[in-house]
Number of protein chains: 2
Amino acid sequence: MRQTSRSTERLHAFCRRVTATSRNASGLDLSEALKGTRRYSSDQPIWSEAARANDIYIVDQGCAYNFLILSSGRRYIGDVFGPGAICNWRRSDSSDAQLNINFKAGTQISALDFNIFHEVLSESHLLNNALRRMEVARELRRSQRTRNLIAQPATVRVINLLLDLEDEWSHSLQHDGWVPLPLTQEEMGDLLGLTQVHVNRVVRQLERDRCIRRRRGYFCILDRNRFADQIDYQWYSDGRRRR
Amino acid sequence: MRQTSRSTERLHAFCRRVTATSRNASGLDLSEALKGTRRYSSDQPIWSEAARANDIYIVDQGCAYNFLILSSGRRYIGDVFGPGAICNWRRSDSSDAQLNINFKAGTQISALDFNIFHEVLSESHLLNNALRRMEVARELRRSQRTRNLIAQPATVRVINLLLDLEDEWSHSLQHDGWVPLPLTQEEMGDLLGLTQVHVNRVVRQLERDRCIRRRRGYFCILDRNRFADQIDYQWYSDGRRRR
DNA sequence: CGTGAACTTGAGACTATTCAAAGAGTGTGG
DNA sequence: CCACACTCTTTGAATAGTCTCAAGTTCACG
């Protein structure tokens with residue numbers, strides 16, 4: 001019992017996110033699987049070759065992303081994980097396996113034991129459903145973004161990313177509209193298939209057009225619905241009411 | 001028994017593909033699920049809204065692709081399905097659900113009943129495994145292509161597509177090196193996030209550089225390994241020996 | 001043949017990248 | 001507290017990549 005409360009305390013962001021997804025997730029207990037907590041004071045890449053196979057990482061605070069260095073030398077970033085997200089696990093984990101992970105400076109994570117996690121998962125209908133919804137939402141969001149990254153110009157790509165980031169952080173926000181922006185413009189570029197310089201120009205233009213506001217490490221979308229209409233953006237996560 | 005042989009006859013391409021994936025798939029019997037066969041003499045789009053929910057389509061001959069019309073008016077094509085492929089089903093089918101399907105002219109398909117298919121699937125360990133491998137291979141191939149489409153220039157994108165197409169048709173080829181190219185250049189463009197005109201220029205350049213040869217409806221990659229090295233291409237399908 | 005769809009080619013416009021340099025913010029050590 | 005190093009952001013100019021528009025060609029098919 002004591003164990004449980006320590007666990008949920010540590011996995012606070014995760015529980016918040018699960019709760020936002022399933023109406024009633026109070027019975028949640030991952031304490032058995034929790035191996036430890038860790039905080040990174042500077043960026044920490046975890047290479048896929050490394051023996052990370054038996055740990056599942058959950059972001060408590062901060063942010064992580066998975067990535068790959070292409071043969072051209074370009075870095076490709078696949079997805080970004082905010083508080084409460086599981087970085088390196090999906091039910092049918094085929095395509096993520098090859099990706100490395102980077103924990104951004106200031107990020108705190110919890111590590112879960114892979115086997116125990118699966119055990120708990122197989123026993124808890126509740127957790128199982130909640131995770132499935134989280135997975136589906138992320139997958140849909142990702143495939144929406146992918147479409148725009150392949151077929152749309154830079155401005156649309158950037159707007160899509162900003163909406164995605166807001167969505168990813170929606171579970172851990174005070175609702176003043178300011179969203180953490182833990183990525184550098186270079187990282188945004190690697191996520192969007194653009195150069196850092198071009199990302200900068202697009203972002204500045206959006207600011208000049210009064211679509212967004214910015215301050216160090218945060219941004220704020222001034223008219224979310226206009227943005228969404230403009231690029232035909234869909235929200236998939238349960239945590240957010242559909243406008 | 002008679003039923004079975006008629007079924008496997010009709011689902012010939014599918015069985016070939018499954019067999020290439022699993023060593024021994026002779027016990028395969030989907031005859032109960034088979035609802036019928038259909039041939040399209042001209043392009044036939046199936047809109048996702050339509051009541052197609054209870055049919056699973058398998059390509060017998062020809063080719064299909066899934067697509068979406070973006071708000072910008074651009075058509076986005078997600079994936080291409082050759083003989084033996086299942087067009088509109090994945091185990092965790094979240095992101096495909098919204099996509100429409102187009103059957104190209106000359107394509108023949110078999111329709112399976114959704115519920116019976118799942119019944120058969122749950123009873124046949126063999127089929128289950130084979131399908132899982134096919135899914136994983138397609139998913140990996142798709143995510144590889146996605147990376148290149150987001151982060152790489154046009155030539156790399158086109159080469160990746162050509163290798164993917166060769167892979168998709170590898171189960172139904174006579175091995176003279178000529179691969180069917182059932183897509184128009186406009187469709188290739190919509191798949192690659194390029195215009196038809198630019199696809200044309202890139203393809204012509206590849207031909208001029210003696211990387212590929214072309215003839216009506218077919219292409220031939222002259223040095224597959226050079227191509228693969230050039231863009232760091234990985235083969236994932238079991239049907240093909242890894243070089 | 002004539003028709004239409006797909007492919008080819010050129011010219012000019014636009015988008016995004018590269019290279020280069022300067023500015024702004026943060027953290028560190030003296 | 002300042003000076004310094006460092007990373008991130010901002011801006012400009014030149015170049016490369018891709019798109020648009022428009023016209024012409026080829027080919028299958030009725």
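Below, all heavy atoms of this structure are taken into account, side chains as well, without hydrogens, waters or symmetry copies. The structure presented is a predicted model; accordingly, all values stated were derived computationally and were not measured. Below, chain A is the first sequence line, B the second, and so on; all start at residue 1.
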Apply side chain to side chain contact (heavy atoms under 4.5 Å, CB included) to residues A:Phe81 and A:Ile86 and explain how you reach the verdict. CA-CA 7 Å; A:Phe81 304 94; A:Ile86 301 177; over 6 Å; no

Closest to the [X] side chain: [options]?
{"X": "B:Leu194", "options": "C:dT17, D:dC21, D:dT18", "answer": "D:dT18"}
{"X": "B:Val197", "options": "D:dA13, D:dC21, C:dC19", "answer": "D:dC21"}
{"X": "A:Gln185", "options": "D:dT10, C:dT17, C:dG10", "answer": "D:dT10"}
{"X": "B:Arg216", "options": "C:dT8, D:dA28, D:dC19", "answer": "D:dA28"}

[atom1] of [X] versus [atom2] of [N]: gap in Å, rounded?
{"X": "B:Leu181", "N": "C:dC7", "atom1": "CG", "atom2": "C1'", "value": "12 Å"}
{"X": "B:Gln205", "N": "C:dT9", "atom1": "CD", "atom2": "C1'", "value": "13 Å"}
{"X": "A:Glu187", "N": "D:dC8", "atom1": "CD", "atom2": "P", "value": "8 Å"}
{"X": "B:Glu207", "N": "C:dT9", "atom1": "CD", "atom2": "C1'", "value": "15 Å"}
{"X": "B:Arg204", "N": "D:dT18", "atom1": "CZ", "atom2": "P", "value": "18 Å"}
{"X": "B:Leu183", "N": "C:dA5", "atom1": "CG", "atom2": "C1'", "value": "15 Å"}
{"X": "B:Asp43", "N": "D:dA28", "atom1": "CG", "atom2": "P", "value": "17 Å"}
{"X": "A:His198", "N": "D:dA16", "atom1": "NE2", "atom2": "C1'", "value": "14 Å"}

Would you say the base of D:dG17 and the side-chain of B:Arg201 have a donor-acceptor pair closer than 3.5 Å?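 Flag unset: no donor-acceptor pair detected.
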
CD/A:Gln152 to OG/B:Ser71 distance, rounded to the nearest 0.5 angstrom?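 It comes to 6.0 Å.
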
State whether [X] places a side-chain N or O below 4.0 Å from either non-bridging phosphate oxygen (OP1 or OP2) of [N].
{"X": "A:Gln196", "N": "C:dT17", "result": "no"}
{"X": "A:Asn200", "N": "D:dT10", "result": "yes"}
{"X": "B:Arg214", "N": "C:dT8", "result": "yes"}

Would you confirm whether the ring centroid of A:Trp169 sits within less than 6.0 angstrom of the ring centroid of A:Tyr218?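 No; A:Trp169 has its ring centre 6.0 Å or more from that of A:Tyr218.
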
Tell me which of A:Thr155 and B:Val203 sits closer to the 5' end of DNA chain C, going by the nucleotide each one is nearest to.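 Comparing both residues, the 5'-ward one is B:Val203.
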
On a heavy-atom basis, which atom in A:Arg142 and which in A:Asp79 lie closest, and how many Å separate them?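 For A:Arg142 versus A:Asp79, the nearest heavy atoms are CD-OD2, 3.7 Å.
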
Need one value for A:Gly217: base, sugar-phosphate or nothing, where a base atom within 4.0 Å counts as base even if backbone is also close, heavy atoms only.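 Here A:Gly217 touches no strand at all.
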
Going by side-chain hydrogen bond (donor to acceptor under 3.5 Å, both in side chains), A:Tyr233 matches just one of A:Asn148, A:Asp164, A:Asn225, A:Asp167. Which one?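 Only one option passes, and that is A:Asp164.
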
